[in-house]
Amino acid sequence: MQFSGLTIGVPKEILAGEFRVAATPETARRIADMGGKVILETGAGAGAHYSDAQYRDAGAEVLV
């Protein structure tokens, strides 16, 4: 497990007009598959058209 014990937090962007997100659901899945933990702030991927459900399905934990 390459990322065993690693936790990555993905916050929601707060700058006006910023639509990027630090990790996509695909990236979250890869990290989770390698033993890491991804914690996502709810709505973090919305500007990039990723839903919280997509992140949950990828193995990320979504926090309010």
Side-chain angles (χ1 to χ4, degrees):
M1 293 288 195
Q2 186 173 345
F3 294 132
S4 182
L6 177 69
T7 300
I8 296 175
V10 181
K12 183 166 46 173
E13 293 292 341
I14 59 172
L15 292 174
E18 182 58 77
F19 302 110
R20 294 178 291 180
V21 63
T24 65
E26 179 183 341
T27 303
R29 179 178 308 282
R30 288 181 180 184
I31 292 167
D33 286 349
M34 289 190 269
K37 181 177 181 178
V38 178
I39 301 174
L40 183 91
E41 181 179 5
T42 190
H49 306 288
Y50 297 117
S51 69
D52 290 345
Q54 287 175 285
Y55 284 98
R56 278 191 205 95
D57 291 345
E61 179 180 352
V62 180
L63 301 179
V64 178

Open item on the list: Please check: side-chain N/O of Y55 versus main-chain N/O of A23, any donor-acceptor pairing under 3.5 Å?
Closed with: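 Answer holds: yes.
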
Open item on the list: Quick one: does any side-chain atom of R29 pair with a main-chain N or O of D57 as donor and acceptor, under 3.5 Å?
Closed with: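 Yes; judged by distance alone, with no hydrogens or angles, the pair exists.
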
TODO: Could you list all the salt bridge (charged side-chain N to carboxylate O under 4.0 Å, His left out) pairs where at least one residue sits in residues 31-43, not counting sequence neighbours?
DONE: K37-E61

Open item on the list: Test: salt bridge (charged side-chain N to carboxylate O under 4.0 Å, His left out). Region: residues 2-18. Which pairs qualify, not counting sequence neighbours?
Closed with: E18-R20

Open item on the list: Tell me every residue that passes side-chain hydrogen bond (donor to acceptor under 3.5 Å, both in side chains) with T42, counting only those two or more places apart in sequence or in another chain.
Closed with: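 Per chain and number, T42 pairs via side-chain hydrogen bond (donor to acceptor under 3.5 Å, both in side chains) with D52.
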
Open item on the list: Minimum heavy-atom separation for A60 and A28, please, with both atom names.
Closed with: CB-CB, 4.4 Å

Open item on the list: Using every non-hydrogen atom in the two residues, find where A32 and G59 come nearest and quote the distance to one decimal.
Closed with: CB-O, 4.4 Å

Open item on the list: If the condition is side chain to side chain contact (heavy atoms under 4.5 Å, CB included), which residues does A46 pass it with, not counting sequence neighbours?
Closed with: none

Open item on the list: Taking side chain to side chain contact (heavy atoms under 4.5 Å, CB included) as the definition, give me every residue that meets it alongside A22, ordered by chain and number, with sequence neighbours left out.
Closed with: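 A22 satisfies side chain to side chain contact (heavy atoms under 4.5 Å, CB included) with V10 only.
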
Task: Partners passing salt bridge (charged side-chain N to carboxylate O under 4.0 Å, His left out) against R30 (at least two apart in sequence or in another chain) - done: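 With neighbours one apart ignored, the set is E26.
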
Under 4.5 Å between side-chain heavy atoms, counting indirect links through other Ile/Leu/Val/Met/Phe/Trp/Tyr residues: same cluster for [X] and [Y] or not?
X   : Y   : result
V38 : L6  : yes
F3  : I8  : yes
V21 : F19 : no

- [ ] Measure the OG1-CD1 distance between T7 and I31 for me, rounded to the nearest 0.5 Å.
- [x]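 One gets 10.5 Å once the value is rounded to the nearest 0.5 Å.
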
Open item on the list: Nearest 0.5 Å, please: how far is OG1 in T27 from OH in Y50?
Closed with: 8.0 Å

